[in-house]
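Here is the structure we will look at.
Chain A is the first sequence line, chain B the second, and so forth, proteins listed ahead of strands; every chain is numbered from 1.
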Amino acid sequence: MTEIGEVIARVHREEWARVVATMARRVGDLDVAEESAAEAFATAVERWPADGVPPNPGAWLTTTAYRKAVDRLRREVKRAEKHQEASMLRSDAPEPLGAIDDDRLRLVFTCCHPALAMESRVALTLRMVGGLTVPEIARAFLVQETAMGRRLTRAKTKIKDARIPYGVPYREDLPRRVTGVLAVLYLIFNEGYLTSDPAREPVRGELTAEAIRLTRLVRALLPADGEVAGLLALMLLTEARRPARLSATGELVTLTDQDRGAWDRSLIAEGHALVRERLATGRPPGRYQVLAAINAVHTSAPDVRSTDWSQIVALYDQLARLDPSPVVRLNRAIAIAELDGPAVALAEVDGLPLAGYHPFHATRAELLRRLGRSEESRAAYDRAIELAANTGETAHLIRRRDQLAGR
Amino acid sequence: MAQYLMSVLHDDANGPVMADPVEAAAIDVFNERLRADGNWVFAGGLASPGSATVVDAREGEPVFTDGPYIESKEYLVGFWIVEAPHLDAALRMAADGSKACNRRIELRPFLSA
């Protein structure tokens, strides 16, 4: 990429959400905001190489986008022969909450509104806040471009027709709405970290990186929110292990066998600092903060043997109180195996209602293997392989199964 | 301000179609609050779907068909029309309404003029 091309790409990363968000407030129409922001960036691509980069690129883009939007609205008004301009986003929304009154935050809450389907929230957030193009989002979720375009159009139509407000939520709704935003960001991250589609490469860095970038933005907008910090720390500590997570042959490498020297030390340092910051507040942690703390313990150990397993079990106990789901109990049992041995862990795992969840069978397979129960272990691997969708994970499970003694 | 239709859905599996005294009292309280807050437009309860007649006059002579246009386990038993500045406000009313009448509610905006 040329030097100017790199500048434009950087400005796009840094300014896209702000331009869309400002435009949405000024013209009251999310569709027009998106289109005019895209046109402003297209104009920058045309002009900047010859005219040079303006001293304040963000302001230049917003001004250009505004002119494009006014032109567009004029054309539409003329065509419809009516002077009432489309006003889709309402800013007569709940009171702004002081420090967090930022157009980009309004945009995030609108895109992650609970009245929209989860897949729409993800697509809207990646498009409006992340600035990904429709083809990029379609590729990321392996759907046809036209289908993704329709999904976005449907979501924008609902925002307009149902009058989803362009604003921060009611104060009483805020914790739940922030949780909703974090769920969207975590879903984007996980889709990158453990791709659920068997036709895709097992780990996709562009989605994890995008999720981290968006979470950093939300953290900048809501700096006092512990769960936002917790999710960012969780993502950083997970992302730090990504270089060690795939073998040369594309097989997933479990935490136990990872080359810890390949972990990204600066991401780990940043994640640990966030976890320490939250601990220092003395406030009871939420789910993401506990998950981040668990990952902080893992990433503090120079090798798997020196992991503080009792600390990990204690954190899972804490997590189970917040989220008493069978998946949490399964993960707790994996830590129990290290502390009290595979027999105790297997007793905890058996009977969990997770027959359709491949990690349940993979965990049973590993525990049965350690207990020398090869035949049962093989059957559990078979079931896990049947259910797993990620190519790297399937390869790992097949190799583990085929290493079993006998037959 | 926009108007929203709050459709009350009933499933016979969850009990009788008529509101019981506790539900009826809660609905009265909810209606009073809608009026006091200036959100009230209209509300009503409907007779059973079996009492419906589908009318089709598209081909000239009207054709009357006994019964609802669609048979389903869950059906419309009543509705509110409320006025709200935006969806977040309407969602709160729908949540309170659902709690009051102890039934699911479908919230749907009217097309704005």
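When heavy atoms are compared at a cutoff of 4.5 Å, B:Ala90 does not approach chain A at all. For B:Leu107, no part sits under 4.5 Å from any heavy atom of chain A, backbone or side chain. Contact annotation for B:Arg108: neither backbone nor side-chain heavy atoms come within less than 4.5 Å of a heavy atom of chain A.
Looking at B:Asn102 and B:Glu23, their side chains do bring a donor and an acceptor atom within 3.5 Å of each other. Donor-acceptor pairing under 3.5 Å is recorded for the side chains of B:Asp12 and B:Tyr75.
Looking at B:Ser98, its side chain does come within 3.5 Å of a backbone N or O of B:Arg103 through a donor-acceptor pair. Remark: side-chain polar atoms of A:Arg213 are paired, donor with acceptor, to backbone N or O of A:Gly130 under 3.5 angstrom.
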